Amino acid sequence: MALSKTLKLATFNVNGIGTRLPHLLAWLEKEQPDVVALQELKTVDATFPAAELEAAGYGAIWHGQKSWNGVALLARDAVPVESRRGLPGDPRDEQSRYIEAAIHGIVVAGLYLPNGNPRPGPKFDYKLAWMERLIRHARTLVDLPHPAVLMGDFNVIPTDIDVYDPKAWRKDALIQPEVRAAFERLLAQGWADALRRVSGEKVIYTFWDYFRQHAERDRGLRIDHLLLNPALAKNLKDAGVDRWVRLQPKASDHAPTWITVRAPAGV
DNA sequence: ATGGCTTGTCTTACAAGA
């Protein structure tokens, strides 16, 4: 038997793939992830940089949108086999926030959960409704015999240790009790929060805003998550955040967040 | 309570982000 192979899965909110392509390519080259979920492409399908990613060794599928949102999945030396784009449950929803594919033997859901500010208001209502649709769809994935991951920018601060100053954020949509409760209900289906599972109670941030040198001062939030179904969680090896990407000039406000897993049998 | 900064856009102001 061959030694079991390790796969690295990562999520990265690029905050505009047009501006951030050099950062993305440098990160791919250095860290060599096998599976990547991207959020906030902020570009239409026609201008997604598929050729540049192909040249870097990555097959891709993407769901763009003018100016806002937009998600993609990348596969190193492979092409993602798309199973879904867009969450079921609201045919009128035109925001590009969900894409799903089979990659290297894993069901991979890449998501960009709505921010929800300002609150209260229609954007917060949309966030809560989107979370209900995610919970309903995730129910169909969690008990699969195949490994599955939900990864992306969840725009949810799960607990007070996931924010540098809970009081400063207490009115924000990312920290509201009903948002946290919905995230807890998602986890309660059987999903493992991989960063927490690996790191215990350690403080981990994945986002630092552009104000007051928050990145350099490490005043951040943990809002990018990788949730693993039981079939994948049993293969979890390690997890982390590539904070060095956030400290580059002209960086996204998010850093790539990753796990390593033992590859599924037959991959 | 606000603003601080960054992105993309039918740009020189605005909406949206978190």
Side-chain angles (χ1 to χ4, degrees), chain A residues 11-25 27 37-49 62-72 93-98 110-131 134 151-180 182-183 195 203-225 241 243 245-257:
Chain A
T11 177
F12 184 19
N13 179 325
V14 293
N15 188 15
I17 199 167
T19 295
R20 221 68 66 197
L21 185 59
H23 295 77
L24 174 60
L25 293 174
W27 169 69
L38 301 176
Q39 303 88 38
E40 281 207 89
L41 303 178
K42 293 187 172 181
T43 192
V44 294
D45 284 343
T47 46
F48 182 83
W62 59 93
H63 191 196
Q65 183 180 329
K66 186 180 172 185
S67 304
W68 318 118
N69 308 319
V71 287
D93 185 0
E94 296 187 342
Q95 300 189 28
S96 298
R97 295 182 175 277
Y98 186 91
L111 63 94
Y112 177 43
L113 207 150
N115 173 294
N117 284 304
R119 178 202 66 87
K123 294 195 173 187
F124 191 66
D125 297 341
Y126 174 69
K127 176 176 195 159
L128 294 177
W130 204 94
M131 293 187 84
L134 177 63
M151 62 174 165
D153 177 357
F154 280 70
N155 274 314
V156 175
I157 299 169
T159 73
D160 281 356
I161 71 168
D162 298 310
V163 48
Y164 65 91
D165 183 355
K167 281 202 298 191
W169 287 79
R170 71 188 184 285
K171 294 189 174 178
D172 195 276
L174 279 59
I175 203 173
Q176 294 312 305
E178 57 267 58
V179 168
R180 285 179 162 177
F183 187 73
L195 273 283
V203 170
I204 308 161
Y205 299 137
T206 67
F207 164 92
W208 301 258
D209 69 31
Y210 289 120
F211 307 126
R212 303 185 188 115
Q213 296 191 297
H214 276 170
E216 293 77 2
R217 296 163 56 207
D218 199 18
R219 293 170 69 78
L221 314 175
R222 188 174 74 97
I223 54 176
D224 301 274
H225 306 301
V241 179
R243 184 166 173 238
V245 178
R246 178 64 182 87
L247 298 173
Q248 299 291 108
K250 300 288 288 178
S252 168
D253 39 10
H254 295 253
T257 304

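Basis for what follows: all heavy atoms, side chains included, without hydrogens, waters or symmetry-related copies. Just so it is clear, the model here is predicted, and its values are computed rather than measured. By convention in this document, chain letters (A, B, ...) are assigned in the order of the sequence lines, proteins followed by strands, and residues within each chain are numbered from 1.
A:Asn15 and A:Tyr210 form a side-chain donor-acceptor contact under 3.5 Å, judged by distance and modelled atom types alone.
With a cut-off of 3.5 Å on both pairing distances, the Watson-Crick and G-U wobble pairs of DNA chain B assemble into stems of 3 or more at B:5-9 with B:13-17.
Rounded to the nearest Å, the gap between the C1' atom of B:dG4 and that of B:dG17 is 14 Å. Between B:dG8 and B:dT2, the two P atoms lie 28 Å apart (nearest whole Å). Only the C1' atoms considered, B:dT7 is 13 Å distant from B:dA18, to the nearest whole Å. Look at the C1' atom in both B:dT11 and B:dT6: the space between them is 15 Å, to the nearest Å. Taking the P atom of each, B:dA15 and B:dC10 are spaced 14 Å apart, rounded to whole Å.
Counting only distance, with no hydrogens or angles, the side chain of A:Glu40 and the backbone of A:Val71 share no donor-acceptor pair below 3.5 Å.
Not counting sequence neighbours, A:Arg246 has no partner by the side chain to side chain donor-acceptor pair (under 3.5 Å) test.
Nucleic acid contact class of A:Arg119 (heavy atoms, under 4.0 Å, all strands): none. Using a 4.0 Å heavy-atom distance criterion, A:Lys127 is classed as making no nucleic acid contact.
Note that CE of A:Met131 is 9.5 Å distant from CG of A:Leu111, once rounded to the nearest 0.5 Å. The distance from atom CD of A:Glu94 to atom CD of A:Gln65, rounded to the nearest 0.5 Å, is 8.5 Å.
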Per-nucleotide protein contact along nucleotides 13-18 of chain B, 5' to 3', at a 4.0 Å heavy-atom cut-off (B base, S sugar-phosphate only, - neither), is --BSSB
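Under the 30°/60° scheme for interplanar angles, the aromatic rings of A:Phe48 and A:Trp62 are found to lie parallel. Below 30°, between 30° and 60°, or above 60°: for A:Phe183 and A:Phe154 the angle between ring planes is above 60°, a perpendicular geometry.
A side chain to side chain donor-acceptor pair (under 3.5 Å) with A:Arg222 is found for exactly one of A:Asp162, A:Thr257, A:Thr159, namely A:Asp162.
Between the P atom of B:dG4 and the CD atom of A:Glu216 lies a distance of 18 Å, rounded to the nearest Å. Distance A:Leu21 CG to B:dT7 P: 14 Å, rounded to the nearest Å.
By the neighbour-count criterion of 12 heavy atoms within 6.0 Å, atom CD of A:Glu216 is densely surrounded, having more than that number from other residues, nucleotides or ligands.
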